[in-house]
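This report concerns only the one structure given below.
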Amino acid sequence: MSEKQIAELNGRVKVRIGPSSIHGVGLIAIRNIRKGEMLFTDHIPVAYNLPYSEFHKLFPEVRQLLLERWPRILQGSIFFYPDTKLQAYCNHSNTPNYDSEHDVMLKDVKKGQEITENYRGILGWETIYPWLDKRDVV
């Protein structure tokens with residue numbers, strides 16, 4: 001059971017919420033992510049019961065993020081990932097690197113780069129995001 005959880009976490013934990021140069025906070029890559037990879041930003045939380053003694057098998061950046069968010073893992077606590085709706089923190093760009101509708105990276109991104117989407121792909125974007133320039137449709 002632990003091996004399945006380790007593989008799942010190593011495959012899904014790719015971003016963190018962090019300071020954005022675009023607006024407030026955003027999704028920041030915690031490792032290099034290739035074009036075509038999924039981000040799982042719209043997944044519902046899953047409960048994990050992975051003992052701390054198995055955490056050495058996680059990628060270092062995954063281990064760090066989980067321990068920062070769930071410090072009681074050291075005492076055997078269960079934890080959830082994701083623990084928020086990650087897609088809600090994805091900022092807009094006219095030249096996005098992520099397609100949130102298909103949950104796929106459009107471009108390679110390097111560790112530390114922000115993940116962006118084009119809000120105009122969302123049905124009703126004109127109402128939801130009135131601040132977007134309607135003349136600037138890409």
Side-chain angles (χ1 to χ4, degrees):
M1 183 64 165
S2 291
E3 295 305 317
K4 180 180 182 275
Q5 291 182 75
I6 290 163
E8 191 170 287
L9 289 164
N10 279 336
R12 291 189 177 190
V13 181
K14 300 177 184 181
V15 299
R16 73 178 312 126
I17 298 167
S20 167
S21 61
I22 297 169
H23 177 80
V25 296
L27 292 182
I28 310 301
I30 63 170
R31 60 180 179 223
N32 295 342
I33 307 170
R34 287 195 207 114
K35 177 181 177 179
E37 281 190 57
M38 295 177 66
L39 285 189
F40 309 100
T41 62
D42 202 25
H43 281 205
I44 60 170
V46 173
Y48 292 92
N49 190 16
L50 183 65
Y52 179 67
S53 62
E54 298 288 312
F55 264 56
H56 69 280
K57 297 177 183 176
L58 292 170
F59 296 153
E61 62 275 8
V62 173
R63 181 173 53 245
Q64 179 183 348
L65 184 129
L66 293 174
L67 290 172
E68 286 174 5
R69 300 291 295 153
W70 300 92
R72 294 189 188 263
I73 288 170
L74 293 173
Q75 287 81 38
S77 174
I78 65 166
F79 60 96
F80 293 85
Y81 187 84
D83 59 357
T84 188
K85 184 174 171 74
L86 293 170
Q87 191 171 1
Y89 296 91
C90 195
N91 285 315
H92 169 77
S93 173
N94 287 332
T95 56
N97 54 24
Y98 175 62
D99 175 353
S100 62
E101 182 179 359
H102 298 102
D103 187 35
V104 66
M105 293 302 299
L106 299 170
K107 303 173 183 175
D108 291 346
V109 296
K110 296 196 179 298
K111 177 181 177 177
Q113 286 184 298
E114 184 165 358
I115 309 299
T116 59
E117 66 177 310
N118 188 335
Y119 289 173
R120 290 183 185 88
I122 299 169
L123 187 62
W125 69 267
E126 302 94 333
T127 302
I128 301 166
Y129 305 108
W131 50 267
L132 278 175
D133 190 341
K134 290 164 185 51
R135 297 170 294 159
D136 196 20
V137 177
V138 178

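Side-chain atoms are counted along with the backbone in the values below, which use heavy atoms only and exclude waters and symmetry mates.
Contact check for Met105 versus Ile115: side-chain heavy atoms found under the 4.5 Å cut-off. Contact of the Ile30 side chain with the Lys111 side chain is not registered, since no non-hydrogen atoms from C-beta on lie closer than 4.5 Å. In this structure the side chain of Leu65 reaches within 4.5 angstrom of the side chain of Tyr81, judged on heavy atoms. Side-chain contact check for Asn94 versus Arg120: some heavy-atom pair is nearer than 4.5 Å.
Around the CG atom of Leu123, the shell of radius 6.0 Å holds no more than 12 heavy atoms that belong to other residues, nucleotides or ligands.
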Inset, instruction - May I have the step-by-step check of side chain to side chain contact (heavy atoms under 4.5 Å, CB included) for Leu58 and Leu50, ending in yes or no? - result: CA-CA 11 Å; Leu58 292 170; Leu50 183 65; 4.1 Å; yes

Inset, instruction - Take Arg16 and Glu68, measure what salt bridge (Lys or Arg N to Asp or Glu O under 4.0 Å) needs, and give me the verdict at the end. - result: CA-CA 11 Å; Arg16 73 178 312 126; Glu68 286 174 5; 2.4 Å; yes

Legend entry - Stepwise side chain to side chain contact (heavy atoms under 4.5 Å, CB included) test for Arg31 and Val62: CA-CA 9 Å; Arg31 60 180 179 223; Val62 173; 3.7 Å; yes

Legend entry - CA sep, side-chain torsions, deciding dist, call: Leu27, Gln87, side chain to side chain contact (heavy atoms under 4.5 Å, CB included): CA-CA 8 Å; Leu27 292 182; Gln87 191 171 1; 6.0 Å; no

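Applying ring-ring contact (aromatic ring centres under 6.0 Å, His included) to Tyr119 and the options Tyr98, Tyr129, Trp125 leaves one that passes, Tyr129. The one candidate from Lys14, Arg12, Lys107 that meets the salt bridge (Lys or Arg N to Asp or Glu O under 4.0 Å) condition with Glu37 is Lys14. Each of Leu74, Ile6, Leu67 was scored for a side chain to side chain contact (heavy atoms under 4.5 Å, CB included) with Phe55, with one residue passing: Leu67.
No donor-acceptor distance shorter than 3.5 angstrom exists from the side chain of Asn97 to the backbone of Leu106, with no hydrogens or angles considered. No donor-acceptor distance shorter than 3.5 angstrom exists from the side chain of Asp83 to the backbone of Pro45, with no hydrogens or angles considered. Between the side chain of Asp108 and the backbone N or O of Lys35 there is at least one donor-acceptor pair closer than 3.5 Å. Under a 3.5 Å cut-off, the side chain of Asp103 and the backbone N or O of Leu39 do form a donor-acceptor pair. Judged purely by atom type and a 3.5 angstrom limit, Trp70 has no side-chain atom pairing as donor or acceptor with the backbone of Ile78. Not a single donor-acceptor pair under 3.5 Å links the side chain of Gln113 to the backbone N or O of Ala29. The backbone N or O of Phe79 lies less than 3.5 Å from no partner atom in the side chain of Arg72, so there is not a single donor-acceptor pair.
We find the CD1-NZ distance between Ile44 and Lys85 to be 10.5 Å, quoted to the nearest 0.5 Å. His23 contributes atom NE2, which lies 12.0 Å from atom OG of Ser21 (distance to the nearest 0.5 angstrom). In this structure, the separation between CD1 on Ile22 and SG on Cys90 is 8.5 Å, given to the nearest 0.5 Å. Residue Thr84 holds its OG1 atom at 7.5 Å from CZ of Arg69, rounded to the nearest 0.5 Å.
A salt bridge links Glu3 and Lys57; the closest N-O separation between the charged side-chain nitrogens and carboxylate oxygens is under 4.0 Å.
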